Amino acid sequence: MLNGRSWLGFMHPSEASNIHHRSYLIFSFSHRSHAPFGCPEKVILLQKLHLFLYPAMLLCTIPRVGYCCRIGKTVRFLLSFSSSCALRAVEFAEESNTHDFNYAKLQSRMQNYAISGHFRKALETLNSMRNVPGKPTVYDYNALMYCHLKSRNVLLEVLVEVYVGMKRFGPAPNASTFNTLLNGMLSLGNLKDAFFIAKEMCGSGFVPSFSLLSKMLKKSLGVGSLDDSLGIFDLMLRLEYFPTEPTLNLLISMLIKAGRIRVAYSAFSVLWGKGYFCSVYSYNLILWALCKSGQICTALALFCLMKKKGVIQNVCSYSALICGFGREGLEEDLLHCLDVMQSDGCKPNVRTYTIIIKFLCDAGRFEEALEYFGRMEREGCDPDLITYNVILRELCHQDRVGEISELIQGNNMLVGQLFRDMYSQGLKPDVYTYGSLIGGLCREGKITIALQLRDQMLGNGLTPSITIYNTLLGAMFKIDKI
DNA sequence: CTCTGGCATC
(Lines give C-alpha, C1' and ligand atoms only; values in the text may rest on other atoms or scores of the structure.)
Protein backbone atom coordinates (compact mmCIF):
# COMPACT_ATOMS: atom_id res chain seq x y z
CA MET A 1 0.00 0.00 0.00
CA LEU A 2 1.22 3.45 -0.86
CA ASN A 3 1.91 5.93 1.84
CA GLY A 4 0.57 9.46 1.67
CA ARG A 5 3.63 10.98 0.07
CA SER A 6 4.08 8.46 -2.74
CA TRP A 7 0.36 8.51 -3.35
CA LEU A 8 0.48 12.26 -3.83
CA GLY A 9 3.54 11.85 -6.01
CA PHE A 10 1.69 9.64 -8.44
CA MET A 11 -1.35 11.79 -8.51
CA HIS A 12 -2.60 13.55 -11.61
CA PRO A 13 -2.62 17.36 -11.21
CA SER A 14 -6.41 17.56 -11.55
CA GLU A 15 -6.79 15.09 -8.72
CA ALA A 16 -4.34 17.08 -6.69
CA SER A 17 -6.47 20.17 -7.11
CA ASN A 18 -9.49 18.16 -6.04
CA ILE A 19 -7.72 17.15 -2.89
CA HIS A 20 -6.83 20.74 -2.31
CA HIS A 21 -10.45 21.80 -2.56
CA ARG A 22 -11.63 19.03 -0.42
CA SER A 23 -9.16 19.74 2.32
CA TYR A 24 -10.14 23.36 2.09
CA LEU A 25 -13.73 22.37 2.61
CA ILE A 26 -12.89 20.20 5.52
CA PHE A 27 -10.95 23.11 6.93
CA SER A 28 -13.87 25.47 6.55
CA PHE A 29 -16.26 22.92 7.97
CA SER A 30 -14.12 22.30 10.99
CA HIS A 31 -13.99 26.00 11.75
CA ARG A 32 -17.60 26.71 11.16
CA SER A 33 -18.38 27.06 14.83
CA HIS A 34 -15.55 29.48 15.50
CA ALA A 35 -15.97 33.22 15.51
CA PRO A 36 -14.32 34.67 12.41
CA PHE A 37 -12.66 37.45 14.37
CA GLY A 38 -9.62 37.26 16.53
CA CYS A 39 -8.52 33.96 15.08
CA PRO A 40 -4.90 33.31 13.98
CA GLU A 41 -5.84 33.61 10.34
CA LYS A 42 -6.54 37.26 10.89
CA VAL A 43 -3.01 37.93 12.08
CA ILE A 44 -1.64 36.33 8.95
CA LEU A 45 -4.01 38.37 6.84
CA LEU A 46 -2.84 41.57 8.49
CA GLN A 47 0.75 40.67 7.70
CA LYS A 48 -0.21 40.08 4.10
CA LEU A 49 -1.92 43.43 4.11
CA HIS A 50 1.37 45.24 4.67
CA LEU A 51 3.14 43.23 2.02
CA PHE A 52 0.52 43.73 -0.64
CA LEU A 53 -1.10 47.01 0.09
CA TYR A 54 1.93 49.16 -0.59
CA PRO A 55 2.43 48.16 -4.25
CA ALA A 56 -1.34 48.30 -4.72
CA MET A 57 -1.39 51.90 -3.59
CA LEU A 58 1.48 52.70 -5.88
CA LEU A 59 -0.42 51.22 -8.77
CA CYS A 60 -3.44 53.29 -7.99
CA THR A 61 -1.63 56.57 -7.62
CA ILE A 62 0.84 56.21 -10.48
CA PRO A 63 -1.19 54.82 -13.37
CA ARG A 64 0.69 53.02 -16.06
CA VAL A 65 -0.85 51.99 -19.34
CA GLY A 66 0.27 48.42 -19.11
CA TYR A 67 -1.51 47.90 -15.85
CA CYS A 68 -4.75 49.67 -16.68
CA CYS A 69 -6.85 46.62 -17.31
CA ARG A 70 -5.71 44.97 -14.17
CA ILE A 71 -6.27 48.12 -12.15
CA GLY A 72 -9.76 48.49 -13.57
CA LYS A 73 -10.54 44.98 -12.57
CA THR A 74 -9.09 45.59 -9.16
CA VAL A 75 -11.29 48.60 -8.61
CA ARG A 76 -14.41 46.72 -9.59
CA PHE A 77 -13.30 43.96 -7.30
CA LEU A 78 -12.72 46.44 -4.49
CA LEU A 79 -16.17 47.89 -4.95
CA SER A 80 -17.95 44.57 -5.08
CA PHE A 81 -16.11 42.85 -2.33
CA SER A 82 -15.89 43.04 1.38
CA SER A 83 -14.14 45.41 3.70
CA SER A 84 -10.95 43.47 4.26
CA CYS A 85 -7.97 45.27 2.73
CA ALA A 86 -5.93 42.12 3.00
CA LEU A 87 -8.22 40.32 0.64
CA ARG A 88 -8.18 43.13 -1.88
CA ALA A 89 -4.46 42.77 -2.07
CA VAL A 90 -4.77 39.13 -3.01
CA GLU A 91 -5.95 40.32 -6.39
CA PHE A 92 -2.31 40.50 -7.32
CA ALA A 93 -1.86 36.83 -6.92
CA GLU A 94 -2.55 34.64 -9.86
CA GLU A 95 -6.16 34.18 -10.95
CA SER A 96 -6.83 30.70 -9.55
CA ASN A 97 -5.53 31.72 -6.15
CA THR A 98 -7.81 34.72 -6.30
CA HIS A 99 -10.72 32.43 -6.91
CA ASP A 100 -9.70 30.19 -4.07
CA PHE A 101 -9.39 33.07 -1.68
CA ASN A 102 -12.59 34.65 -2.85
CA TYR A 103 -14.37 31.37 -2.59
CA ALA A 104 -13.03 30.62 0.88
CA LYS A 105 -14.15 34.04 2.05
CA LEU A 106 -17.60 33.50 0.61
CA GLN A 107 -17.78 30.11 2.27
CA SER A 108 -17.04 31.44 5.70
CA ARG A 109 -19.36 34.38 5.21
CA MET A 110 -22.16 32.16 4.02
CA GLN A 111 -21.71 29.88 7.01
CA ASN A 112 -21.65 32.77 9.44
CA TYR A 113 -24.86 34.14 8.00
CA ALA A 114 -26.47 30.72 8.17
CA ILE A 115 -25.39 30.06 11.74
CA SER A 116 -26.59 33.46 12.94
CA GLY A 117 -29.99 32.83 11.41
CA HIS A 118 -29.74 35.09 8.33
CA PHE A 119 -30.81 32.47 5.92
CA ARG A 120 -31.64 34.73 2.98
CA LYS A 121 -28.26 36.43 3.18
CA ALA A 122 -26.55 33.06 3.46
CA LEU A 123 -28.38 31.92 0.35
CA GLU A 124 -27.41 35.09 -1.51
CA THR A 125 -23.80 34.52 -0.55
CA LEU A 126 -24.06 30.94 -1.76
CA ASN A 127 -25.46 32.19 -5.07
CA SER A 128 -22.66 34.71 -5.40
CA MET A 129 -20.21 31.80 -5.42
CA ARG A 130 -21.34 31.23 -8.99
CA ASN A 131 -18.75 33.79 -10.03
CA VAL A 132 -16.15 31.21 -9.14
CA PRO A 133 -16.03 28.44 -11.74
CA GLY A 134 -17.50 25.17 -10.58
CA LYS A 135 -18.94 26.67 -7.39
CA PRO A 136 -20.92 26.37 -5.25
CA THR A 137 -20.44 22.66 -4.74
CA VAL A 138 -22.77 20.24 -3.04
CA TYR A 139 -20.57 20.63 0.04
CA ASP A 140 -21.42 24.33 0.16
CA TYR A 141 -25.11 23.51 -0.01
CA ASN A 142 -24.66 20.95 2.73
CA ALA A 143 -22.76 23.49 4.82
CA LEU A 144 -25.58 25.99 4.32
CA MET A 145 -28.11 23.44 5.55
CA TYR A 146 -25.95 22.26 8.41
CA CYS A 147 -25.25 25.79 9.64
CA HIS A 148 -28.81 26.91 9.23
CA LEU A 149 -29.98 23.93 11.26
CA LYS A 150 -27.60 25.02 14.01
CA SER A 151 -29.10 28.50 14.11
CA ARG A 152 -31.86 29.46 16.47
CA ASN A 153 -34.60 30.29 14.01
CA VAL A 154 -34.67 27.37 11.65
CA LEU A 155 -37.05 27.49 8.72
CA LEU A 156 -37.49 23.96 7.50
CA GLU A 157 -39.57 25.02 4.51
CA VAL A 158 -36.70 26.98 3.03
CA LEU A 159 -34.39 24.03 3.53
CA VAL A 160 -36.82 21.86 1.63
CA GLU A 161 -36.91 24.57 -1.06
CA VAL A 162 -33.12 24.52 -1.29
CA TYR A 163 -33.22 20.75 -1.51
CA VAL A 164 -35.81 20.86 -4.29
CA GLY A 165 -33.68 23.46 -6.09
CA MET A 166 -30.62 21.23 -5.83
CA LYS A 167 -32.57 18.36 -7.23
CA ARG A 168 -33.81 20.37 -10.20
CA PHE A 169 -30.83 22.52 -11.05
CA GLY A 170 -27.88 20.91 -9.30
CA PRO A 171 -25.56 20.29 -7.66
CA ALA A 172 -27.19 16.92 -7.05
CA PRO A 173 -27.75 16.18 -3.35
CA ASN A 174 -25.40 13.58 -1.93
CA ALA A 175 -25.71 11.27 1.07
CA SER A 176 -24.56 14.06 3.40
CA THR A 177 -27.29 16.35 2.14
CA PHE A 178 -29.92 13.82 3.07
CA ASN A 179 -28.36 12.92 6.40
CA THR A 180 -27.98 16.58 7.37
CA LEU A 181 -31.59 17.28 6.52
CA LEU A 182 -32.83 14.13 8.21
CA ASN A 183 -30.92 14.77 11.43
CA GLY A 184 -32.03 18.37 11.52
CA MET A 185 -35.66 17.61 10.92
CA LEU A 186 -35.66 14.82 13.44
CA SER A 187 -34.09 16.93 16.16
CA LEU A 188 -36.66 19.63 15.46
CA GLY A 189 -39.40 17.02 15.62
CA ASN A 190 -40.64 17.59 12.10
CA LEU A 191 -41.46 14.03 11.21
CA LYS A 192 -43.44 14.70 8.07
CA ASP A 193 -40.49 16.42 6.39
CA ALA A 194 -38.05 13.89 7.79
CA PHE A 195 -40.07 11.08 6.28
CA PHE A 196 -40.27 12.93 2.98
CA ILE A 197 -36.50 13.34 2.93
CA ALA A 198 -35.97 9.68 3.86
CA LYS A 199 -38.09 8.63 0.92
CA GLU A 200 -36.28 11.09 -1.34
CA MET A 201 -33.00 9.66 -0.13
CA CYS A 202 -34.05 6.15 -1.12
CA GLY A 203 -35.36 7.44 -4.44
CA SER A 204 -31.95 9.01 -5.13
CA GLY A 205 -30.16 5.73 -4.62
CA PHE A 206 -28.91 6.38 -1.08
CA VAL A 207 -29.77 4.30 1.95
CA PRO A 208 -30.84 5.98 5.19
CA SER A 209 -29.20 4.34 8.17
CA PHE A 210 -31.03 1.98 10.47
CA SER A 211 -30.45 4.23 13.45
CA LEU A 212 -31.96 7.25 11.71
CA LEU A 213 -35.07 5.36 10.64
CA SER A 214 -35.37 3.69 14.01
CA LYS A 215 -35.12 7.06 15.73
CA MET A 216 -37.73 8.39 13.35
CA LEU A 217 -40.10 5.53 14.08
CA LYS A 218 -39.70 5.98 17.84
CA LYS A 219 -40.36 9.71 17.57
CA SER A 220 -43.34 9.13 15.38
CA LEU A 221 -44.80 6.62 17.82
CA GLY A 222 -43.98 8.99 20.66
CA VAL A 223 -46.20 11.68 19.21
CA GLY A 224 -48.87 9.15 18.37
CA SER A 225 -48.96 9.50 14.59
CA LEU A 226 -49.81 5.98 13.59
CA ASP A 227 -50.00 6.38 9.84
CA ASP A 228 -46.61 8.05 9.69
CA SER A 229 -45.24 5.29 11.89
CA LEU A 230 -46.62 2.66 9.55
CA GLY A 231 -45.03 4.45 6.61
CA ILE A 232 -41.64 4.47 8.33
CA PHE A 233 -42.10 0.85 9.36
CA ASP A 234 -42.86 -0.01 5.75
CA LEU A 235 -39.77 1.81 4.52
CA MET A 236 -37.67 0.00 7.09
CA LEU A 237 -38.99 -3.35 5.93
CA ARG A 238 -38.19 -2.49 2.32
CA LEU A 239 -34.62 -1.85 3.42
CA GLU A 240 -34.63 -5.09 5.41
CA TYR A 241 -34.33 -3.17 8.67
CA PHE A 242 -36.11 -4.69 11.63
CA PRO A 243 -37.29 -2.40 14.43
CA THR A 244 -36.04 -3.12 17.92
CA GLU A 245 -38.41 -5.10 20.06
CA PRO A 246 -39.56 -2.24 22.31
CA THR A 247 -40.31 -0.16 19.22
CA LEU A 248 -42.18 -3.00 17.57
CA ASN A 249 -44.17 -3.60 20.75
CA LEU A 250 -45.04 0.07 20.96
CA LEU A 251 -46.22 0.06 17.35
CA ILE A 252 -48.32 -3.06 17.92
CA SER A 253 -49.80 -1.71 21.18
CA MET A 254 -50.73 1.58 19.58
CA LEU A 255 -52.32 -0.10 16.58
CA ILE A 256 -54.33 -2.32 18.89
CA LYS A 257 -55.46 0.61 21.02
CA ALA A 258 -56.60 2.32 17.84
CA GLY A 259 -58.64 -0.80 17.03
CA ARG A 260 -56.44 -1.72 14.08
CA ILE A 261 -55.83 -5.29 15.15
CA ARG A 262 -55.62 -6.61 11.58
CA VAL A 263 -52.89 -4.12 10.77
CA ALA A 264 -51.01 -5.03 13.93
CA TYR A 265 -51.31 -8.70 13.03
CA SER A 266 -50.07 -8.00 9.49
CA ALA A 267 -47.06 -6.08 10.77
CA PHE A 268 -46.27 -8.99 13.04
CA SER A 269 -46.76 -11.56 10.25
CA VAL A 270 -44.60 -9.68 7.75
CA LEU A 271 -41.74 -9.53 10.22
CA TRP A 272 -42.22 -13.16 11.08
CA GLY A 273 -42.21 -14.05 7.36
CA LYS A 274 -38.90 -12.23 6.94
CA GLY A 275 -37.33 -14.40 9.58
CA TYR A 276 -37.49 -11.91 12.43
CA PHE A 277 -37.91 -13.74 15.70
CA CYS A 278 -40.69 -12.04 17.62
CA SER A 279 -40.66 -12.69 21.33
CA VAL A 280 -43.59 -13.91 23.35
CA TYR A 281 -44.22 -10.33 24.49
CA SER A 282 -44.92 -9.07 20.98
CA TYR A 283 -46.96 -12.12 20.19
CA ASN A 284 -49.01 -11.93 23.39
CA LEU A 285 -50.09 -8.40 22.48
CA ILE A 286 -51.69 -9.72 19.29
CA LEU A 287 -53.06 -12.79 21.02
CA TRP A 288 -54.77 -10.69 23.67
CA ALA A 289 -56.20 -8.28 21.14
CA LEU A 290 -57.69 -11.18 19.16
CA CYS A 291 -59.12 -12.86 22.26
CA LYS A 292 -60.66 -9.65 23.58
CA SER A 293 -62.23 -8.77 20.26
CA GLY A 294 -64.06 -12.06 19.85
CA GLN A 295 -61.61 -13.63 17.39
CA ILE A 296 -60.80 -16.73 19.37
CA CYS A 297 -60.42 -18.86 16.22
CA THR A 298 -57.73 -16.59 14.79
CA ALA A 299 -56.13 -16.44 18.21
CA LEU A 300 -56.05 -20.23 18.43
CA ALA A 301 -54.53 -20.47 14.96
CA LEU A 302 -51.83 -17.99 15.95
CA PHE A 303 -51.27 -19.80 19.22
CA CYS A 304 -50.79 -23.14 17.43
CA LEU A 305 -48.53 -21.61 14.80
CA MET A 306 -46.30 -20.06 17.45
CA LYS A 307 -46.20 -23.28 19.38
CA LYS A 308 -45.18 -25.12 16.21
CA LYS A 309 -42.49 -22.55 15.48
CA GLY A 310 -41.06 -22.96 18.92
CA VAL A 311 -42.09 -19.73 20.61
CA ILE A 312 -42.40 -20.50 24.29
CA GLN A 313 -45.91 -19.77 25.55
CA ASN A 314 -46.21 -18.24 28.96
CA VAL A 315 -48.97 -17.82 31.52
CA CYS A 316 -50.07 -14.65 29.78
CA SER A 317 -50.59 -16.45 26.45
CA TYR A 318 -52.78 -19.07 28.10
CA SER A 319 -54.67 -16.46 30.08
CA ALA A 320 -55.48 -14.72 26.81
CA LEU A 321 -56.99 -17.88 25.36
CA ILE A 322 -58.93 -18.54 28.57
CA CYS A 323 -60.30 -15.01 28.32
CA GLY A 324 -61.15 -15.58 24.65
CA PHE A 325 -63.09 -18.77 25.41
CA GLY A 326 -64.87 -17.06 28.28
CA ARG A 327 -66.00 -14.20 26.09
CA GLU A 328 -67.51 -16.63 23.61
CA GLY A 329 -69.33 -18.42 26.42
CA LEU A 330 -67.25 -21.55 25.88
CA GLU A 331 -66.72 -22.45 29.53
CA GLU A 332 -65.87 -26.09 28.79
CA ASP A 333 -63.13 -25.02 26.37
CA LEU A 334 -62.02 -22.49 28.95
CA LEU A 335 -61.60 -25.16 31.62
CA HIS A 336 -59.97 -27.51 29.13
CA CYS A 337 -57.50 -24.77 28.26
CA LEU A 338 -56.64 -24.48 31.94
CA ASP A 339 -55.86 -28.22 32.01
CA VAL A 340 -53.69 -27.96 28.89
CA MET A 341 -51.92 -25.02 30.41
CA GLN A 342 -51.07 -26.91 33.56
CA SER A 343 -50.02 -30.03 31.68
CA ASP A 344 -47.67 -27.77 29.70
CA GLY A 345 -46.09 -26.84 33.00
CA CYS A 346 -47.54 -23.37 33.06
CA LYS A 347 -48.84 -22.34 36.47
CA PRO A 348 -51.96 -20.16 36.49
CA ASN A 349 -51.57 -16.92 38.37
CA VAL A 350 -53.96 -14.49 40.04
CA ARG A 351 -54.97 -13.01 36.70
CA THR A 352 -55.69 -16.42 35.15
CA TYR A 353 -57.86 -17.36 38.12
CA THR A 354 -59.64 -14.03 38.13
CA ILE A 355 -60.56 -14.50 34.47
CA ILE A 356 -61.86 -17.99 35.18
CA ILE A 357 -63.84 -16.80 38.19
CA LYS A 358 -65.34 -13.92 36.24
CA PHE A 359 -66.54 -16.06 33.34
CA LEU A 360 -67.89 -18.76 35.63
CA CYS A 361 -69.81 -16.01 37.45
CA ASP A 362 -71.10 -14.64 34.15
CA ALA A 363 -72.19 -18.13 33.17
CA GLY A 364 -74.20 -18.42 36.39
CA ARG A 365 -71.79 -21.03 37.80
CA PHE A 366 -71.11 -19.14 41.00
CA GLU A 367 -70.47 -22.20 43.17
CA GLU A 368 -67.75 -23.36 40.76
CA ALA A 369 -66.34 -19.86 40.72
CA LEU A 370 -66.05 -20.01 44.49
CA GLU A 371 -64.33 -23.38 44.17
CA TYR A 372 -61.67 -21.80 41.99
CA PHE A 373 -61.46 -18.96 44.47
CA GLY A 374 -60.68 -21.51 47.17
CA ARG A 375 -58.32 -23.39 44.89
CA MET A 376 -56.21 -20.36 44.13
CA GLU A 377 -55.83 -19.63 47.84
CA ARG A 378 -54.85 -23.24 48.47
CA GLU A 379 -52.19 -22.96 45.76
CA GLY A 380 -50.73 -19.96 47.48
CA CYS A 381 -51.98 -17.59 44.86
CA ASP A 382 -53.43 -14.67 46.81
CA PRO A 383 -56.51 -12.99 45.37
CA ASP A 384 -56.05 -9.31 44.72
CA LEU A 385 -58.45 -6.38 44.64
CA ILE A 386 -59.69 -7.30 41.16
CA THR A 387 -60.47 -10.86 42.23
CA TYR A 388 -62.44 -9.54 45.19
CA ASN A 389 -64.21 -7.00 43.04
CA VAL A 390 -65.26 -9.71 40.57
CA ILE A 391 -66.81 -11.82 43.32
CA LEU A 392 -68.33 -8.82 45.03
CA ARG A 393 -69.90 -7.69 41.78
CA GLU A 394 -71.45 -11.11 41.35
CA LEU A 395 -72.82 -10.98 44.89
CA CYS A 396 -74.25 -7.57 44.21
CA HIS A 397 -75.90 -8.86 41.04
CA GLN A 398 -77.54 -11.63 42.98
CA ASP A 399 -80.02 -11.29 45.74
CA ARG A 400 -77.52 -13.07 47.94
CA VAL A 401 -76.21 -9.78 49.17
CA GLY A 402 -79.42 -9.38 51.05
CA GLU A 403 -79.45 -6.15 52.95
CA ILE A 404 -76.40 -4.28 51.72
CA SER A 405 -77.24 -1.67 54.32
CA GLU A 406 -76.09 -4.24 56.85
CA LEU A 407 -72.73 -4.25 55.16
CA ILE A 408 -72.18 -0.67 56.14
CA GLN A 409 -72.79 -1.71 59.74
CA GLY A 410 -70.66 -4.79 59.15
CA ASN A 411 -73.50 -7.25 59.66
CA ASN A 412 -73.79 -8.84 56.25
CA MET A 413 -72.17 -12.24 56.51
CA LEU A 414 -70.78 -13.01 53.05
CA VAL A 415 -70.03 -9.53 51.86
CA GLY A 416 -68.83 -8.55 55.31
CA GLN A 417 -66.43 -11.50 55.39
CA LEU A 418 -65.17 -10.56 51.95
CA PHE A 419 -64.45 -7.05 53.13
CA ARG A 420 -62.67 -8.26 56.23
CA ASP A 421 -60.50 -10.53 54.07
CA MET A 422 -59.76 -7.68 51.72
CA TYR A 423 -58.75 -5.36 54.51
CA SER A 424 -56.68 -8.03 56.23
CA GLN A 425 -54.68 -8.30 53.01
CA GLY A 426 -54.16 -4.59 52.95
CA LEU A 427 -56.61 -4.10 50.10
CA LYS A 428 -58.85 -1.07 50.23
CA PRO A 429 -62.05 -0.72 48.23
CA ASP A 430 -61.58 1.21 45.01
CA VAL A 431 -63.93 2.80 42.51
CA TYR A 432 -64.91 -0.60 41.12
CA THR A 433 -65.71 -1.96 44.57
CA TYR A 434 -67.97 0.98 45.31
CA GLY A 435 -69.40 0.74 41.83
CA SER A 436 -70.54 -2.83 42.47
CA LEU A 437 -72.03 -1.95 45.86
CA ILE A 438 -73.77 1.16 44.60
CA GLY A 439 -75.08 -0.84 41.63
CA GLY A 440 -76.45 -3.52 43.95
CA LEU A 441 -78.09 -0.94 46.20
CA CYS A 442 -79.61 0.88 43.26
CA ARG A 443 -81.09 -2.33 41.88
CA GLU A 444 -82.80 -2.79 45.23
CA GLY A 445 -84.01 0.81 45.10
CA LYS A 446 -81.93 1.84 48.12
CA ILE A 447 -80.78 5.10 46.68
CA THR A 448 -80.33 6.85 50.02
CA ILE A 449 -77.79 4.25 51.13
CA ALA A 450 -76.17 4.31 47.69
CA LEU A 451 -75.72 8.05 48.05
CA GLN A 452 -74.21 7.52 51.51
CA LEU A 453 -71.68 5.19 49.90
CA ARG A 454 -70.95 7.84 47.30
CA ASP A 455 -70.18 10.26 50.15
CA GLN A 456 -68.04 7.64 51.85
CA MET A 457 -66.05 7.29 48.62
CA LEU A 458 -65.43 11.00 48.52
CA GLY A 459 -64.37 10.86 52.15
CA ASN A 460 -61.87 8.15 51.25
CA GLY A 461 -60.43 10.35 48.54
CA LEU A 462 -62.03 8.42 45.68
CA THR A 463 -63.75 10.23 42.84
CA PRO A 464 -66.94 8.47 41.78
CA SER A 465 -66.73 7.47 38.13
CA ILE A 466 -69.17 8.46 35.38
CA THR A 467 -70.43 4.89 35.55
CA ILE A 468 -71.37 5.34 39.19
CA TYR A 469 -73.23 8.56 38.47
CA ASN A 470 -75.02 6.90 35.56
CA THR A 471 -76.08 4.11 37.89
CA LEU A 472 -77.33 6.56 40.50
CA LEU A 473 -79.14 8.71 37.96
CA GLY A 474 -80.67 5.67 36.27
CA ALA A 475 -82.02 4.44 39.60
CA MET A 476 -83.39 7.87 40.47
CA PHE A 477 -85.26 8.14 37.20
CA LYS A 478 -86.62 4.65 37.65
CA ILE A 479 -88.23 5.32 40.97
CA ASP A 480 -89.10 8.88 40.01
CA LYS A 481 -87.26 10.40 42.91
CA ILE A 482 -85.33 13.06 41.12
C1' DC B 1 -37.57 -2.95 27.58
C1' DT B 2 -37.27 -6.41 31.80
C1' DC B 3 -42.10 -5.72 29.00
C1' DT B 4 -47.63 -8.81 27.90
C1' DG B 5 -52.94 -10.03 30.68
C1' DG B 6 -57.91 -9.89 34.59
C1' DC B 7 -62.96 -6.01 37.43
C1' DA B 8 -67.95 -1.43 36.76
C1' DT B 9 -73.45 1.50 35.05
C1' DC B 10 -77.46 2.38 31.74
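Letters go in sequence order (proteins before strands), and every chain restarts at 1. Model, not experiment: these values are computed from the prediction. The figures here come from the full heavy-atom set of this structure, side chains too, leaving out hydrogens, waters and symmetry mates.
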note: Ile312(A), atom CD1; dT4(B), atom P; distance rounded to Å ~ 20 Å

Picking from dG6(B), dC1(B), dT4(B), the nucleotide nearest the side-chain atoms of Val350(A) would be dG6(B)

Value for CG (Asp234(A)) from CG (Asp227(A)), rounded to nearest 0.5 Å, stands at 12.0 Å

How about CD1 on Ile312(A), more than 12 heavy atoms from neighbouring residues, nucleotides or ligands closer than 6.0 Å, or not? no

Asp430(A) has its side chain closest, among dT4(B), dG5(B), dC7(B), to dC7(B)

When rounded to whole Å, the NZ to P distance for the pair Lys292(A) and dG5(B) reads 7 Å

With the side chain defined as heavy atoms from C-beta on, Arg443(A) is closest, among dG6(B), dC3(B), dT9(B), to dT9(B)

Atom CD of Glu245(A) and atom C1' of dT4(B) are separated, to the nearest Å, by 10 Å

Among the nucleotides dG5(B), dC3(B), dT4(B), whichever has the atom closest to the side chain of Asn314(A) is dT4(B)

Could you check whether Ser465(A) gets within reach of a base, just the sugar-phosphate, or nothing at all, counting any heavy atom under 4.0 Å? base

- Asp344(A) vs Lys307(A), salt bridge (charged side-chain N to carboxylate O under 4.0 Å, His left out): CA-CA, chis, key distance, verdict: CA-CA 11 Å; Asp344(A) 274 1; Lys307(A) 202 167 185 176; 2.9 Å; yes

Whole-Å distance, Leu385(A) CG to dG5(B) C1', equals 17 Å

Ranking dC7(B), dG6(B), dG5(B) by distance to the side chain of Thr352(A), first place goes to dG5(B)

To the nearest angstrom, the CG-P distance between Leu338(A) and dG5(B) comes to 21 Å

From CH2 of Trp288(A) across to P of dC7(B) the rounded distance in Å is 8 Å

Atom CZ of Phe303(A) and atom C1' of dG5(B) are separated, to the nearest Å, by 14 Å

Among dT4(B), dG5(B), dT9(B), the one nearest any side-chain atom of Tyr281(A) is dT4(B)

Between the CD1 atom in Ile322(A) and the OG1 atom in Thr354(A), the distance rounded to the nearest 0.5 Å is 11.5 Å

Winner on side-chain proximity to Asn470(A), out of dT9(B), dG5(B), dC7(B), is dT9(B)

Applying a 4.0 Å non-hydrogen cut-off, can you work out what Ile355(A) is touching in the nucleic acid: base, sugar-phosphate, or nothing?
sugar-phosphate

In whole angstroms, the gap separating P of dG5(B) from CE of Met341(A) amounts to 16 Å

Applying side-chain contact (heavy atoms from CB on, under 4.5 Å) to Val223(A) and Asp228(A), what does each step give before you reach the verdict?
CA-CA 10 Å; Val223(A) 296; Asp228(A) 287 345; over 6 Å; no

I'd like to know if Thr387(A) reaches the base of dG6(B) with its side chain such that a donor and an acceptor end up less than 3.5 angstrom apart.
yes

Give a yes/no answer on whether the side chain of Arg393(A) brings an N or O atom under 4.0 Å of OP1 or OP2 in dA8(B). yes

- For dC7(B), does either OP1 or OP2 sit under 4.0 Å from a side-chain N or O belonging to His397(A)? no

- Steps toward side-chain contact (heavy atoms from CB on, under 4.5 Å) verdict (Leu305(A), Tyr283(A)): CA-CA 11 Å; Leu305(A) 180 70; Tyr283(A) 141 70; over 6 Å; no

Of the candidates dA8(B), dT9(B), dT4(B), the side chain of Cys316(A) sits closest to dT4(B)

Among dC7(B), dC3(B), dG5(B), the one nearest any side-chain atom of Asn249(A) is dC3(B)

Exercise. Classify the side chain of Asn389(A) versus the base of dC7(B) as yes if they form a donor-acceptor pair under 3.5 Å and no if they do not.
Key: yes

